[in-house]
There are 2 protein chains.
Amino acid sequence: MMNELVMEKIDPELLADEVIMTMADSFKALGDPTRLRIMALLFNGERTVGDLADHLSVSQSAVSHQLRLLRNLDIVRHRKDGREVYYALADDHIRDIYTRTLEHILID
Amino acid sequence: MMNELVMEKIDPELLADEVIMTMADSFKALGDPTRLRIMALLFNGERTVGDLADHLSVSQSAVSHQLRLLRNLDIVRHRKDGREVYYALADDHIRDIYTRTLEHILID
DNA sequence: TATATATATGAATATATGCTCATATAATCA
DNA sequence: TGATTATATGAGCATATATTCATATATATA
């Protein structure tokens, strides 16, 4: 659900450069097929790096690099268990954005 | 409002490559400060290319190139009036996605 | 302790991207 | 019609990005 208190007051035209840059970075993070696939795999719950790599057509290294990027932008979170690291989607904003865009694509 | 009929049935894990690619293209389109600024300027209503260029720190050519990209992805629509071309946000999905992401940035 | 397994990191490279410049196209006006 | 204004397009270039390979780090196990 949207935070009306925040959004009712903000005119996008007046956004500071820094905010625009951060938004751009976030969208850019979602703008890559490998990263979208990773997110899709995490949609139903957490997975280890190796599990993700097994389901993708890129190296473990590539997956790890991309996970770091997603982590730095708070798009995914991680927890360590022994020598494995489990990744998951960070919050519901991410699910929403993903879903809305999928809608935008599928409808029309 | 979300189209529940569509989204309730779709498991992101099962998305076809083509859908993933199109989603990536859409997010990529939003993943650039110049294009985000253009969208921000269109948030309150349509504007001509020249008007947009006047408010941005890039050339008219750059704005035109970016508008073409946004147009090809149905993110903006345009109408011609004499020798001017007015651009506007294409639909409310776009506003939603923009707003959600802004939220994601601002909250925390 | 030595070896194996899971993940992360840095360097190198090929490709993609965004910009400007020059110019084309289209519409208005003198 | 000729000049001016608004927008679009193509080429070229500098920077950003995604990948792999080699290797480092950390944990588990024999």
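Just so we're on the same page: letters track the sequence lines, and every chain starts at 1.
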Q | Interface residues of residues 35-42 of chain B with DNA chain D (non-hydrogen, below 4.0 angstrom) | A | none
(Q) Which residues pass the salt bridge (Lys or Arg N to Asp or Glu O under 4.0 Å) test with B:Asp54, not counting sequence neighbours? (A) none
(Q) Output the rounded distance in Å from CD (A:Glu46) to P (C:dA6). (A) 17 Å
Q) Starting at the 5' end of DNA chain D, which residue's closest nucleotide do you reach first, A:Lys28 or B:Glu84? A) B:Glu84
(Q) Just N and O in the side chain of A:Ser64: are any of them under 4.0 Å from OP1 or OP2 of C:dT9? (A) no
Q. In whole angstroms, how far is the C1' atom of D:dA28 from the CG atom of A:Asp81?
A. 12 Å
Q. What residues form a salt bridge (Lys or Arg N to Asp or Glu O under 4.0 Å) with A:Arg35, not counting sequence neighbours?
A. none
Q) Tell me, do B:Thr101 and A:Leu30 make a side-chain contact under 4.5 Å, heavy atoms counted? A) no
Q.
Salt bridge or not between B:Asp17 and A:Arg37? Use side-chain N to carboxylate O under 4.0 Å.
A. yes
Q | N or O in side chain of A:Arg68 less than 4.0 angstrom from C:dA8 OP1/OP2 | A | no
Q | d(CG, A:Asn72; P, D:dT17) in whole Å | A | 13 Å
(Q) Between P on C:dT7 and CG on A:Leu56, what's the gap in Å once rounded to a whole number? (A) 13 Å
Q: In sequence, state the C-alpha distance, the side-chain angles, and the governing distance for B:Leu52 and B:Leu67, and then conclude on side-chain contact (heavy atoms from CB on, under 4.5 Å).
A: CA-CA 10 Å; B:Leu52 289 169; B:Leu67 285 170; 4.0 Å; yes
Q) Tell me, do A:Leu41 and A:Asp51 make a side-chain contact under 4.5 Å, heavy atoms counted? A) no
Polar atom pairs between nucleotides 20-27 of chain C and protein, under 3.5 Å, N or O only, would you list them?
from, atom 1, to, atom 2, distance (Å)
C:dT20, OP2, B:Ser59, N, 3.0
C:dT20, OP2, B:Ser59, OG, 2.8
C:dC21, N4, B:Ser61, OG, 2.6
C:dA26, O3', B:Lys80, NZ, 3.4

Q | Student check: side-chain heavy atoms of A:Leu15 and A:Met23 closer than 4.5 Å | A | yes
Q: Specify the separation, in whole Å, of atom CG of A:Leu67 and atom C1' of C:dA6.
A: 13 Å
(Q) At 4.0 Å (heavy atoms only), tell me whether A:Tyr87 reaches a base, stays on the sugar-phosphate, or touches nothing. (A) sugar-phosphate
(Q) Would you say A:Gln66 places a side-chain N or O within less than 4.0 Å of OP1 or OP2 belonging to D:dT19? (A) yes
Q: Determine whether B:Ile10 and B:Leu14 make a side-chain contact, defined as any pair of heavy atoms from C-beta on separated by less than 4.5 Å.
A: no
Q) Rounded to the Å, how far apart are B:Arg47 CZ and D:dA6 C1'? A) 17 Å
Q. Just how far, in rounded Å, is P of C:dT17 from CG of A:Asp32?
A. 10 Å
Q. Taking five pairs at each end, how big is the angle between the two axes of the helix from C:dT1-D:dA30 to C:dA30-D:dT1, to 10°?
A. 10°
**Q.** B:His78 and B:Tyr87 aromatic ring geometry - parallel, tilted or perpendicular at 30°/60° bounds
**A.** parallel
Q: Could you tell me the separation between the CG atom of A:Leu73 and the P atom of D:dT17, rounded to a whole number of Å?
A: 11 Å
Q: Ignoring hydrogens and angles, tell me if any N or O in the side chain of A:Ser64 forms a donor-acceptor pair with the backbone of A:Gln60 under 3.5 Å.
A: no
Q | A:Arg95 side chain to A:Phe43 backbone, donor-acceptor under 3.5 Å | A | yes
Q: Provide the full list of salt bridge (charged side-chain N to carboxylate O under 4.0 Å, His left out) pairs with a residue in residues 56-69 of chain A, sequence neighbours left out, each pair given once.
A: none
